[in-house]
Amino acid sequence: MASITAQSLNTGAKIPAIGFGTWQDKDSQEGAVAEALKAGYRHIDTARVYGTEPAVGAAIKKSGIPRSELFITTKLWNNSHAPADVEPALDASLKDLGLDYVDLYLMHWPSAFKPGPELMPKVDGKMQTADISYVDTYKAMEKLLKTGKTKAIGISNFSKAELEKLLAETEVVPAAHQMELHPWLQQKEFVKFNQSKGIHITQYSPFGNQNEIYDAGKNMGKLMDDPVLVEIGKKYNKSGAQVALAWGINQGHSVIPKSKTPSRIAQNLQGDFKLDASDLEKIAGIDKKLRFNDASAGFGYKFYADLDGKK
Ligand code: NAD
């Protein structure tokens, strides 16, 4: 089995450059993760809110792969931002995953919802938010490192100003920032900023508008069919999808494509290859600054205020 590029975290740990996304298709995820593990993936991305932690856990258990060979990420949901709720939230995730620890625990969003059992606490269709600072939530996450229940902590979906405030007011530099990033939303300045702070970037939705939930991308062609990506792919005998993944990996990022189709699961793993500098330059030219995942309206919070692709 071909080995997967390992990227480094500021903790000294390694993160496999290709991981497996598990958002949506909850009922197919145990089979999909089992297929991914069989194909050679060793990095799995889940989240409390996806409801896929039990499926990920079952697939891991059945695989028989030693825990030390796996890199497992899960995420704290917005209803558990009250500092006292943070460790119990991780405990619940670990229970569903059937694990003693995760490799990376991320704050899924900087925005807090009303604390309580409801994941989406809405009244008359309006999200019930809470006045809890992500700084206080993160400080509770910092304490988790001492418990051994997570090896590293990080963030997701932060703006530059939010990240600057976090860095100024907390101790532990996030090991990773998971964000929407692909050749149509390249965020070059923000990428540089994260890298300058020693924060590893994990690219979610690495295929851009391929996720069918993204309304914004419905009436345009698919990123993976972009002629520049397809043309570059011919040189390496790769698809546009594989070139999109390689674009991220060649910048030192990890990518977490999702699929439940065995042939695509296998194909995506072959997106780990070296692109020539001239090809990276060509891809730099197709940035459309298009963001497809923006939960601002539904979550009652203004995300990405200072970033590319804002509405
Ligand atoms: P993606 O970019 O991985 O696209 C997934 C879709 O692309 C699949 O549903 C499938 O239809 C298609 N696809 C996959 N491989 C293909 C191939 N080789 N050829 C053709 N089509 C293919 O989208 P995503 O699911 O949005 O993102 C990946 C993962 O990132 C998620 O599953 C989740 O784990 C994570 N994520 C995190 C956040 C966050 O807020 N932190 C947000 C979105 C996604």
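Positions are given from 1 along the sequence. First listed ligand is number 1; within each ligand, the first listed atom is number 1.
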Ligand 1 N/O to protein N/O, distances under 3.5 Å:
from, atom 1, to, atom 2, distance (Å)
ligand 1, 2 (O), Pro206, N, 3.3
ligand 1, 2 (O), Phe207, N, 2.9
ligand 1, 3 (O), Lys258, N, 2.9
ligand 1, 9 (O), Lys258, NZ, 3.4
ligand 1, 15 (N), Asn268, ND2, 3.0
ligand 1, 18 (N), Asn268, OD1, 2.9
ligand 1, 26 (O), Ser205, OG, 2.7
ligand 1, 26 (O), Asn211, ND2, 2.8
ligand 1, 27 (O), Ser205, N, 3.1
ligand 1, 32 (O), Thr22, N, 3.2
ligand 1, 32 (O), Trp23, N, 3.0
ligand 1, 34 (O), Thr22, N, 3.3
ligand 1, 34 (O), Asp45, OD2, 2.6
ligand 1, 36 (N), Tyr50, OH, 3.4
ligand 1, 40 (O), His108, NE2, 3.3
ligand 1, 40 (O), Asn157, ND2, 2.8
ligand 1, 41 (N), Ser156, OG, 2.9
ligand 1, 41 (N), Gln178, OE1, 3.0

message = Is the distance between the ring centroids of Tyr304 and Phe158 under 6.0 Å?
response =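 Phe158 vs Tyr304: aromatic centres not under 6.0 Å.
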query = Would you find a donor on one side and an acceptor on the other, under 3.5 Å apart, between the side chain of Ser254 and the backbone of Ala17?
reply =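 No, the answer is negative, given that no donor and acceptor are paired below the 3.5 Å cut-off.
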message = Treating Lys151 as the side-chain partner and Tyr101 as the backbone partner, does any N or O pair qualify as donor plus acceptor under 3.5 Å?
response =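 Here the side-chain-to-backbone pair does not exist.
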request  = Give a yes or no on whether Glu69 atom CD has more than 12 heavy-atom contacts from other residues, nucleotides or ligands under 6.0 Å away.
outcome  =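 Correct, the count exceeds 12.
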inquiry  = If the condition is side chain to side chain contact (heavy atoms under 4.5 Å, CB included), which residues does Gln210 pass it with, not counting sequence neighbours?
reply    =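 Listed in chain order: Phe207, Lys222, Met224.
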ask   = Should Ile65 and Phe71 be regarded as members of a common hydrophobic cluster, given that ILVMFWY residues are connected when their side-chain heavy atoms come within less than 4.5 Å of each other, either directly or indirectly?
value =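 No, no single cluster joins them.
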